[in-house]
Amino acid sequence: MHLPNLDEAKKRTSKNNIYKNLTENYPKAYVGKKYFLRTYGCQMNVHDSEAIRGYLEMLGMENTTNIEEATVIVLNTCAIRENARDKVIGFLGKCKYLKKNHPDIKIVIAGCMSEQPDVIDDIMKNHKYVDIVVGTHNLDDLPKLLLKDLKKQEIEVFSNSDEVIEGFNYVRDSKIAAWVNIMFGCDKFCTYCIVPYTRGRERSRKLENIIEEVKSLKRDGYKEVTLLGQNVNAYGKDIGTSFSTLLEEVAKTGIERIRFVTSHPWNFTDEMINVIAKYKNIMPYIHLPIQSGSNNILKKMNRRYTKEEYLELFNKMKKKIPNVAITTDIIVGFPGESDEDFEETLDVVEKCQFDGAYTFIFSKREGTPAALMKDNTSIATKEKRLQRLNELVNYYSNKSNQKLLHKVVEVLILGESEKDSKKLYGYTDTMKLVNVEGSKDIIGKIVKVKITDAKSFSLDGKYLEEGVEV
Ligand code: SF4
């Protein structure tokens with residue numbers, strides 16, 4: 001048994017990555033059995049779930065969306081906000097009931113929550129029916145644990161790792177657009193964030209391995225890749241290369257669409273901007289979290305830039321990258337945020353007129369410095385601020401979408417719309433969601449669409465065949 005340890009997780013003792021290639025094959029001990037997998041949180045977790053599916057299917061299992069028929073239930077969890085954690089704990093109630101009636105099923109917890117000592121305490125004391133817990137650094141232990149004759153709860157969470165794992169047998173959600181991890185971990189230690197503890201130090205994959213993965217996805221017919229990291233523009237610092245070099249090499253593979261998330265404003269270089277502007281297959285869309293417009297709060301958050309520096313970078317991107325769309329993240333009600341600080345945030349939104357923003361009320365994460373900061377602002381005040389912010393953010397995202405009304409745009413069609421089975425959905429180069437009228441044979445293609453309606457969060461459009469409405 002290995003238990004998580006936040007002090008261990010904080011340590012950045014080594015700079016040497018250990019590159020590990022997964023070569024193991026496992027016996028198909030679960031043929032005829034099914035698994036149910038639920039994913040919480042960010043794109044990194046969504047992609048980790050594709051690795052988890054790879055392991056489960058290697059053992060012979062099939063996916064099910066009906067939890068009642070599952071032999072293995074996996075919750076791939078998120079620790080970034082309290083409500084993500086509450087959702088997992090809530091869902092465990094259902095798992096407990098299932099386990100009571102079917103003692104043979106196995107319940108697994110993976111993901112960032114596993115790395116938090118207080119969560120593990122709670123699981124050990126109050127959720128003894130959970131069979132296996134694996135950490136983010138040792139996901140590759142999951143098949144071994146599932147093959148064990150479990151006599152007791154198995155908790156295997158390694159809080160610190162230098163490993164960069166290659167060779168995951170991903171079972172991807174899409175055959176059109178793929179996630180590609182380029183690095184793991186984060187060294188920024190923003191004071192509100194648990195990720196540097198749950199995901200460890202920044203470790204880059206080798207450039208040649210990433211390029212090989214993109215080429216192989218292209219050969220398999222993928223149209224789009226999204227390069228993935230907690231802080232992609234720190235890519236390569238540990239191995240003597242850079243994100244701009246990687247981006248250029250990925251562009252040269254000729255894959256039709258390239259995206260990347262997430263960028264930190266602090267080390268977004270001119271070279272990166274130049275490469276994005278130079279290659280048509282790098283999409284003109286950047287998610288650039290600002291978090292607050294107040295220099296006072298940015299300092300408390302340890303974000304390493306000022307409002308003025310952010311605006312300078314933002315304006316440079318707008319000037320140099322044709323037609324670029326920029327979205328952001330904003331936290332409201334960080335400890336000590338005054339009315340004046342909040343007005344600074346509204347001012348940034350007015351100045352940047354973001355294409356969209358993810359807005360949140362500050363959520364205290366145990367073990368982070370911000371959890372110990374004095375916070376005198378009432379929840380009612382924070383909610384009012386969030387409401388004002390959302391009104392402004394929505395106004396500008398609607399304004400940005402209105403600019404596309406009656407225009408013809410290129411959309412990569414990803415599938416049938418979940419809300420309306422008669423429609424398809426896809427994204428523009430600038431990452432705007434479009435619900436499209438058209439036949440299913442355009443799924444997987446980049447097609448011309450005429451925009452017929454523009455709302456705050458999505459667009460409606462009609463597929464144009466050879467420029468003609470159908
Ligand atoms: S850059 Fe900051 S917010 Fe982003 S993952 Fe790292 S510590 Fe968290």
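Note that the structure is predicted; figures quoted are calculated from it, not measured. Both counts, for ligands and for their atoms, begin at 1 and track the order of listing. Counting begins at 1 with the first residue of the sequence. All values below were derived from every heavy atom in this structure, side-chain atoms included, with hydrogens, water molecules and symmetry-related copies excluded.
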Think Lys300 forms a cation-pi with Phe334, using NZ or CZ under 6.0 Å from the six-ring centre and within 45 degrees of its axis? no
Within the 2.8 Å cut-off the protein N, O or S neighbours of atom 2 (Fe) of ligand 1 are Cys190 SG
Show every ring-ring contact (aromatic ring centres under 6.0 Å, His included) that has at least one partner inside residues 231-266, sequence neighbours left out. Phe243-Phe260, His264-Tyr305
Does the pair Val261 and Val232 meet the rule for a side chain to side chain contact (heavy atoms under 4.5 Å, CB included), with working shown? CA-CA 6 Å; Val261 279; Val232 286; 6.0 Å; no
Hits for side chain to side chain contact (heavy atoms under 4.5 Å, CB included) against Ile18, two or more places apart or cross-chain, chain-then-number order -> Asp162, Glu163
Atom pairs and distances, donor-acceptor, side-chain atoms in residues 222-229, under 3.5 Å, two or more places apart:
residue	atom	partner	partner atom	Å
Tyr222	OH	Ser174	O	2.5
Glu224	OE1	Arg259	NE	3.4
Glu224	OE2	Arg259	NE	3.3

Is the shortest heavy-atom distance from the side chain of Val348 to the side chain of Lys307 under 4.5 Å? yes
Please list the nearest protein heavy atom to atom 3 (S) of ligand 1 with its residue and the distance rounded to 0.1 Å. Tyr192 OH, 3.5 Å
